[in-house]
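Working notes, beginning with the structure itself.
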Amino acid sequence: MMARFLPILAVAAALVLPLATSNTYFHHLLVLWMLYSLLALSLNIIVGYIGELSFGHAAFFGIGAYTAAILGMNFGFPGFPGLLMAGIVAGAFGFVIGYVALRIEGPQFVILTLGFGSIIFTTTNYWVDLTRGPMGISNIAPLGVGAGFELSSALDYYYLSLLLVVAFAYACHALMLSRTGRAFIAVRENAQLAASLGVDVFRTKLLAFVVATAVAGVAGAIFAHYLTVITPEVMSLNYMVAILIMVIVGGRGTIAGPILGALIYVGLLELLRATGALRMVIFAALLTVSVIFLPGGLVSLWRRFADRSTVRTARQAQVEAGE
Amino acid sequence: MRLQSILAATTAAFIAAGTMAVQAQEEPVRIAAIAPLSGPGAFDGQLAVEGMEAMVAIVNENGGVLDGRMLELVTYDDKGSPEEGVSAAKRAIEQDDVDVIVGGWFSSVALTMKEVTRDRILTIMTTSQHPDTTREGHDWLFRLNATSTMMSGAYSQFICDRMDLESIAFITINDDYGRLEVENYEKLLSECGIEVLGNEYYNKDDADFTTALTKLRAANPDAIYVSAINTAQGATIYRQIRQVGYRGTTIASAGNMNPKLVELSGPALEGVYSVSLFAPDSQDPELLAWVAKYEEMFDNEPSFIGSIGAQSIEVLAEAIDAAGTVRDYGELAETIRGNEWDTLLGNVTFDDIGQAEQNIYLIQIQDGKIASVN
Amino acid sequence: MEMELVLLTQQIMNGLVNGMTYVLIATGLTLVFGVLHIINFAHGEFYMLGAFFTFFAAKLLGLDYISAGIVATLGVAVLGILANRFFFWPLRKEHEFTVLLSSLGLALLLTNGGELIFGADPKYVASPFADGIVPLGPVIVTQQRMLIFAVGALVLVLLYLFIQKTRMGKMMRATAQNPEGAALTGVDIRRVYTVTFMVACGLAALAGALVGPTAMIFPTVGTWAVLKGFIVVVLGGLGSIPGALIGGLILGVVEALAGGYISMGFAQAIGFSIIIVVLLWRPNGLFGAARRA
């Protein structure tokens, strides 16, 4: 029973959380948390559901961000349709790259996606006429519909991204209970068996990849409008590693995991700021310790607890079967 | 349950950290030093902050500002990245409520950060050379370094008049600063009859330059102009220029010379020219006092980057005293613009858009030391 | 025309030497993957440590370059044993993503710890061979770069003999093919882990000691190294040492030609394009079908 109300409670908590303080910097951190959550949830589709490791995901985040910024800068394209376009463009890139890369698995897939990411990064960095190259695009207009209504404060962006996170998390949840979702799990666990049962493995993977990259693109577009600046840096390996940490530390293949992972990433780094030079060392140490002692991610703590106290629900059993 | 309690604990911790930071620090004038403290620019950021620290110590020993308020430096890491620079500035303003910001060591960071600080806080940009940093004028924004346009004007004059070159090639960092450098010099040097034989861009994470340098050497220019901000990349390029067998003249880009670079590059930098705001053999008493303090506090040698950091503190301290206020930014900015400041690098004035006017010196590496030449 | 040919030869030469450093880095990486099926993201940090240990052995112990390089290689090989003991051996039964993240954590720990301990200032590993130029006809190479090539080739031969001829080498090969089967036939898996990590980290450190004098070193150089290593390993075929050799040299030459004839800024992306084409043509890499390790 608890498991059913938990998501609702969590959403309610997230809705009132910013009201706890009027400190705008705290709101800024909340926005980052939500945007990273969205990004981590999208990577989780690839890592947790397809079971492949993509090292090109930050590039799609960047494509979305650049699409929104360029449309705004060159064509005066209003914000919200721009978000949609960002998702479409990132998803289109995802389709082409996925179509090529998903024929290959394991470490080779990692390198292929890394390679595509690197090519996109280099192109962005040198195609100065379109992207303004390494100097990036600044002064990106805030999100809005025409002139009358625009998102100006961090709180606005927080609620927008929270809405998207909740919607996407719910979609992931519903998807996992659906026939397609079961196909995902079947493909991850045993692609040959799934194929023999009539699942089109390649199409299933490609669908997941396109969805994941499109969502990453939307997250990137909001990021660009929110920070008002975007440079090729967001496609760098640093961001890639950061998203991966969120997904795996939180718990891959779950919905709460990537959101929790994003919270840990943003929150812990902020709390550790006081430790100065030791900051990244402590962060890395905690990361490593958590991986060694909690290989299933932070959500596995909850699962251990839930296993002891309640009857296992069908879904948990399914998730565990997936381990 | 667990998710919520984690959320609650984190919220509480954020708020606690916030209020503590605000309450404990009422007395001192707090200056945010936003610099690259990790990543490829970490060493340059370290030199910058050390230079500021040394000057803060001097000001505080002399009684601080505004009748006894001490200066306090609060450091933030921008990792040399524009996005991180924006976050750092937000934190400095919104969370830590600092009094002024000193930042902008790299142009890319300066160009984005100024949009966050605009009309909110007085900001001093330091080594950034991109003209756009001060271009549109921004009431409370100042920049100390000469722009690359100002630097290249002075430097190309010297190259044309004194170096007797017929051709030149460039190796350039691919960023806003580097692209502008090439654009400026290609134009200015062509005008005085020096033929430009080529330019190779490199990325900020490249570690080997032999292929690019081999290509430039094959074009056989009289000189290779090296545009490098990062000390590690600079030293590698200077050494590899010799290692690929190039024996012509090497020219170091303006404003990027420091003792560490000279030490790391060894014989490859001997006799090489550059221009700088920092004349290392100047006998200015303020400079000597700062150098003494710096050497007492830190292991590195005082550098141009450090001296610009120190200059930012010096101008701020004097201007705060003269204006009699920190938080009235309009008044403080007006004071900074309206006066001439006597600093460790000589006299400096600011124009209407906040751009500093100060001396530019020609320097040369002689016997492993940076010396000024006339 | 003559000049063009000289330039081409020079660039290929540059590429071969750079390629040999990739080979040294990739060999350790491919060994760990081939034998233990671990993707070690911290591999580049052992390269970084090799360079820094050489610097400090020369500075603090007053050793000459060659002795300092040997001390550094041995020192990092010992660290490899510790890394295995604390970061990899305990996770041997976990999912590959978990192990990968553990190695990523180790990489962050070593980079940032290195920044704290060694300082952020770049350093230069002094070598008597760094600036000495060897003219090979019109083509020139520094002595240091000749040394990189020669030591690289020698080490590969020794490694080959070790894996083919020694008892430990046979145990490693057995583990590579079938860990459970190997354990049943009395192979001490724990020792195989230890030795594999020791050799792999030693190789990375040796690469660091050799490359140190050609460029400045700083605590984040490992990221670059591990990326190049991975590209080479996948290009050559995971777990294949001949693959690492050929893959490394090809990547070095492709990058040099791309840098020399197109633009250095694009060299990396062009390198990646080649890899994408190769992988689509042969998903297991050039030598992927070859017997492992």
Side-chain angles (χ1 to χ4, degrees), chain A residues 47-48 51-53 55-56 97 100-101 103-123 125-126 133-134 236-238 241-242 244-245 247-249 252-253 276-297 323, chain C residues 33 37 39 41-42 86-88 90-91 93-117 120 223-224 226-227 230-235 237-239 263 265-277 279-280 282-285 288:
Chain A
V47 173
E52 293 288 350
L53 206 55
F55 255 67
I97 290 169
V100 175
R103 296 165 193 280
I104 289 171
E105 295 176 332
Q108 287 90 343
F109 179 81
V110 176
I111 297 296
L112 265 188
T113 48
L114 184 69
F116 280 115
S118 168
I119 291 170
I120 292 171
F121 172 81
T122 307
T123 311
N125 217 14
Y126 280 85
S236 71
L237 209 58
N238 291 341
V241 167
L244 200 62
I245 288 173
V247 174
I248 300 185
V249 165
R252 72 197 146 77
L278 276 172
R279 180 176 176 221
M280 286 310 290
V281 179
I282 297 176
F283 178 76
L286 289 175
L287 167 69
T288 322
V289 167
S290 89
V291 172
I292 292 174
F293 292 101
L294 277 176
E323 290 301 291
Chain C
F33 184 86
H37 295 274
I39 300 183
F41 254 97
F86 293 107
F87 294 89
F88 296 102
L91 293 175
K93 299 216 163 64
E94 297 296 341
H95 191 279
E96 59 176 314
F97 291 172
T98 306
V99 183
L100 190 134
L101 199 66
S102 166
S103 75
L104 210 54
L106 177 61
L108 281 176
L109 199 59
L110 290 175
T111 310
N112 292 293
E115 208 153 72
L116 206 64
I117 294 167
T223 322
W224 165 86
V226 78
L227 275 185
F230 270 122
I231 295 166
V232 168
V233 166
V234 170
L235 179 65
L238 279 157
S263 163
F266 292 115
Q268 184 159 328
I270 291 169
F272 269 119
S273 312
I274 303 282
I275 284 142
I276 290 170
V277 171
L279 282 183
L280 294 176
R282 288 180 70 102
N284 289 321

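It should be emphasised that the depicted structure is a prediction, and the values quoted were computed from it without experimental measurement. Each chain gets a letter, A, B and so on, in the order the sequences are listed, and its residues count up from 1.
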Side chain, backbone, both or neither of C:Leu227 within contact of chain A (heavy atoms, under 4.5 Å): side chain
Partner chain A: residue of C:Leu104, C:Leu106, C:Leu280, C:Ile270 with the largest heavy-atom pair count (under 4.5 Å): C:Leu280
Residue among C:Leu108, C:Asn112, C:Thr111 with most heavy-atom pairs under 4.5 Å to chain A: C:Asn112
A:Thr123 side, atom OG1; C:Phe266 side, atom CZ - distance, nearest 0.5 Å: 7.5 Å
Engaged part of A:Leu114 at the chain C interface, taking heavy atoms whose separation is under 4.5 Å: both
Chain C contact via A:Ile245 - which portion, at a heavy-atom distance below 4.5 Å: both
Closest non-hydrogen atom pair, C:Ser273 against A:Ile119: OG-CD1, 3.6 Å
pair A:Val110-C:Leu100: side-chain heavy atoms closer than 4.5 Å: no
Spacing of CG belonging to C:Leu91 relative to OG1 belonging to A:Thr288, to within rounding of 0.5 Å: 10.5 Å
Engaged part of A:Leu53 at the chain C interface, taking heavy atoms whose separation is under 4.5 Å: both
Contact class of C:Leu279 relative to chain A, heavy atoms under 4.5 angstrom: both
C:Glu115 and A:Met280, any side-chain heavy atoms less than 4.5 Å apart: no
A:Phe55 and its ring-ring contact (aromatic ring centres under 6.0 Å, His included) partner, picked from C:Phe41, C:Phe230, C:Phe272: C:Phe41
Heavy-atom contact with chain C under 4.5 Å, split by part of A:Phe116: both
Part of A:Ile292 lying under 4.5 Å from any heavy atom of chain C: both
A:Val289 versus chain C, the contacting section by heavy-atom distance below 4.5 Å: neither
A:Pro295: which of C:Val99, C:Leu101, C:Thr98 passes side-chain contact (heavy atoms from CB on, under 4.5 Å): C:Thr98
